Peer 1: 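Right, I'll just put the structure down here and ask away after.
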Number of protein chains: 2
Amino acid sequence: MDAETPVRRRRTRIQTEKRELILNAALDVFSQHGFRGATIDQIAEAAGMSKPNLLYYFRSKEAMFTTLIERLLQTWLAPLRELDDIGDPIGELRSYIRRKLEMARDYPRESRLFANEILQGAPRIQHLIEGELKPLVDEKAALIKGWMKAGKIARTDPWHLIFSIWATTQHYADFDVQVRAVLGPDRGGDGRFEDAARYLEQLFLEGLRPKA
Amino acid sequence: MDAETPVRRRRTRIQTEKRELILNAALDVFSQHGFRGATIDQIAEAAGMSKPNLLYYFRSKEAMFTTLIERLLQTWLAPLRELDDIGDPIGELRSYIRRKLEMARDYPRESRLFANEILQGAPRIQHLIEGELKPLVDEKAALIKGWMKAGKIARTDPWHLIFSIWATTQHYADFDVQVRAVLGPDRGGDGRFEDAARYLEQLFLEGLRPKA
DNA sequence: CGCATTTTTGACCGATTGGACAAACGTTAG
DNA sequence: CTAACGTTTGTCCAATCGGTCAAAAATGCG
C-alpha cells in the first residue's frame, strides 16, 4: 500500500495538495494524448512545476496513470451502482441514462481517458474490469432481467442494453470533436446535451417505429 | 499528387505490393497504440522489413497514417452513402444498422484507428470531418427528416439518431476488450454480434417500454 | 551476358524520452 | 542559532525516437 508515495510516513498537507494538482494536470494530458503519447514534461508544465519535482510526488509516469484510472473507475461506476429496485423500472433506467449523459458532459476527460485505455486493450486495468466491473454488470443485468420477467420493461438482452447506454452517452464525451463538427456552430452549442437527452429518452423508451 | 510515393514515375508491381503490406502492418500498430504510441520500428517488424526499407516506400510515419486514414474514411462512410429513399424507411434504417455492425465485426482495426484519432481531437483529419463527413450527414439527416414528416418513422432528432447508430455499433469494435470481459467466455464468444444485432434491432424499432 | 534501375540494408544522427541524483533551498522545532 | 526534515531544481544519463545516407544487393532489360 501507498506504493506511489515518496515517503513511508503519513502525507503532509503539501503532499496531499500537490498530488491533487499533479493528478489534475495528468488527467488533462493523458486524456488528450493517451498514456504513451503523454510526456512527463507536458504534465509538469500543465501542473506548473519541474519534472524532477513531479517525480518526487509520483515515482513514475505509470504511477500517475494507475492512481488516476483506479480512482476514475469508482466514480465512473457510481451511477450503475445506484440502479436498484426501489422506484419503477422505466424511471430507474431513464435516470440512469440521464446521469450517464451528465457525466459525459461534466467529466469528458475521465471518459476519454477510460476510452483510450480500453481502445488499446486495457493493458493496465484488465484486472479491474474482470474483478470489479464484470461482477457489478452481472448483478445489475440480473436485476434488469427480473424487471423483464415481471413485465415492467420489454424482454431483451440486459447486457447489451447496458452496453448501448454506455455507448450512446459516452459518445458525447469521447467523440465530442466529431459531434460538434457535424452539428455545426448552431446546433452543436451548449444545447447539444439537452437535445441528446431528449433524443435518447425517446429512443430507449419508444424506439423509432411510428405509433400506428 | 502522389506526394508519398518514393519515385515520380508510375508505381512498379513491387511498390504496389509492398505499400499494401506496409499499410496493413501500420493499421495493426496504429489501431493498437495510436499515432504517437506507434513506432516505425514496430510497423517495420510487423511488415517483416527493415525500418529504412519501410521509409523507402513511405517518406514518413505521418505519410503512412494519412494514407491509411483517408482511405479508411471512404469505406467507413460507404454504408451511410447507401442510405436512400428507395426502400421503406424502417427497412433502410434497419439494414444501415446491420451493415454498421458488420463493419465493426469485420473491420475492428479501422474502427479503432478512427476512434483513436477522434479521441485525440482529430488533429490530422479535421478537414475531412468538416469537408466530407458533415455534408454527408446533413444530407442524410434531411432525408430522414422527410421520413418523419411523412409519418414513416417517429419524429425525433435525425442527427442524434445517426450518432446513436454510430455509437452503439462501433462500441463493439472500439470497446471489444470490455465487451468480451463483461460477457464472459460463454456469452462473449462469436455469437455476441448476433446477440447485439437482435438487441439493437429491438432497441431502435420498439424501444424498451413494454407493450401494454 | 552487361548495364541501368529499383530495392534493401547497416551505420549513423540529432532530438526527445523517462528517470536518477546530489546539491540547494525552505521550513520548523528545539 | 542549528539540526532535521521536507521540498525543489540543474544536471546528467541511457534508451528510444523519426529519419538520413551511402553502399550493397537484387531485379529488369537490351
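Quick caveat: nothing in here was measured; it's all calculated off a predicted structure. Labels below follow one simple rule: chain letters A, B, ... track the order of the sequence lines, proteins then strands, and each chain is numbered from 1.
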Peer 1: His33(A) NE2 to dC17(D) P: how many Å, rounded?
Peer 2: 19 Å

Peer 1: Whole Å only: how far is the CG atom of Leu54(B) from the P atom of dT20(D)?
Peer 2: 13 Å

Peer 1: Over 60° means perpendicular and under 30° means parallel, so tell me whether Phe163(B) and Tyr172(A) are parallel, tilted or perpendicular.
Peer 2: perpendicular

Peer 1: Counting side-chain heavy atoms from CB outward, which of dG19(C), dT8(D), dT8(C) is closest to Tyr57(A)?
Peer 2: dT8(D)

Peer 1: Whole-Å distance between dG19(C) P and Ile43(A) CD1?
Peer 2: 10 Å

Peer 1: From the options dT9(D), dG18(D), dC17(D), select the nucleotide whose nearest atom is closest to the side chain of Ile40(B).
Peer 2: dG18(D)

Peer 1: State plainly whether the residues Asp176(A) and Arg192(A) are in salt-bridge range, i.e. N to O under 4.0 Å.
Peer 2: yes

Peer 1: Between P on dG18(D) and CZ on Phe65(B), what's the gap in Å once rounded to a whole number?
Peer 2: 14 Å

Peer 1: Hey, are Arg98(B) and Glu82(B) close enough for a salt bridge, meaning a charged N less than 4.0 Å from a carboxylate O?
Peer 2: no

Peer 1: Calculate the interatomic distance between Asp41(B) atom CG and dA15(D) atom P; express it in whole Å.
Peer 2: 15 Å

Peer 1: Starting at atom CE of Met64(A), determine the distance to atom C1' of dT17(C), rounded to an integer number of angstrom.
Peer 2: 13 Å

Peer 1: In whole Å, what is the span from the CD atom of Glu45(A) to the P atom of dT16(C)?
Peer 2: 14 Å

Peer 1: Have Asp28(A) and Gln32(A) got a donor and an acceptor in their side chains that come within less than 3.5 Å?
Peer 2: no

Peer 1: Just by distance, do the side chain of Glu92(A) and the backbone of Asp84(A) share a donor-acceptor pair under 3.5 Å?
Peer 2: yes

Peer 1: Name the one of Ile40(B), Thr39(B), Leu54(B) that satisfies side-chain contact (heavy atoms from CB on, under 4.5 Å) with Lys61(B)?
Peer 2: Ile40(B)

Peer 1: Could you tell me whether the side chain of Lys100(B) and the main chain of Leu80(B) form a donor-acceptor pair under 3.5 Å?
Peer 2: no

Peer 1: Please figure out whether Lys18(A) or Thr39(B) has its closest DNA chain D nucleotide nearer the 5' end.
Peer 2: Lys18(A)

Peer 1: Could you check how far CG of Leu21(B) sits from C1' of dT8(C), rounded to whole Å?
Peer 2: 14 Å

Peer 1: Tell me whether the side-chain N/O atoms of Asn53(A) come closer than 4.0 Å to OP1 or OP2 in dT9(D).
Peer 2: yes

Peer 1: Within less than 4.0 Å of OP1 or OP2 of dT8(C), is there a side-chain N or O belonging to Tyr56(B)?
Peer 2: no

Peer 1: Does Ala44(B) reach a base, just sugar-phosphate, or nothing at all? Heavy atoms under 4.0 Å.
Peer 2: nothing

Peer 1: Can you see if the side chain of Gln15(B) gets near the phosphate of dT6(C) - specifically, an N or O under 4.0 Å from OP1 or OP2?
Peer 2: no

Peer 1: Would you give a per-nucleotide map of nucleotides 20-28 of chain C, 5' to 3', where B means the base has a protein non-hydrogen atom under 4.0 Å away, S means only the sugar-phosphate does, and - means neither?
Peer 2: BB-------

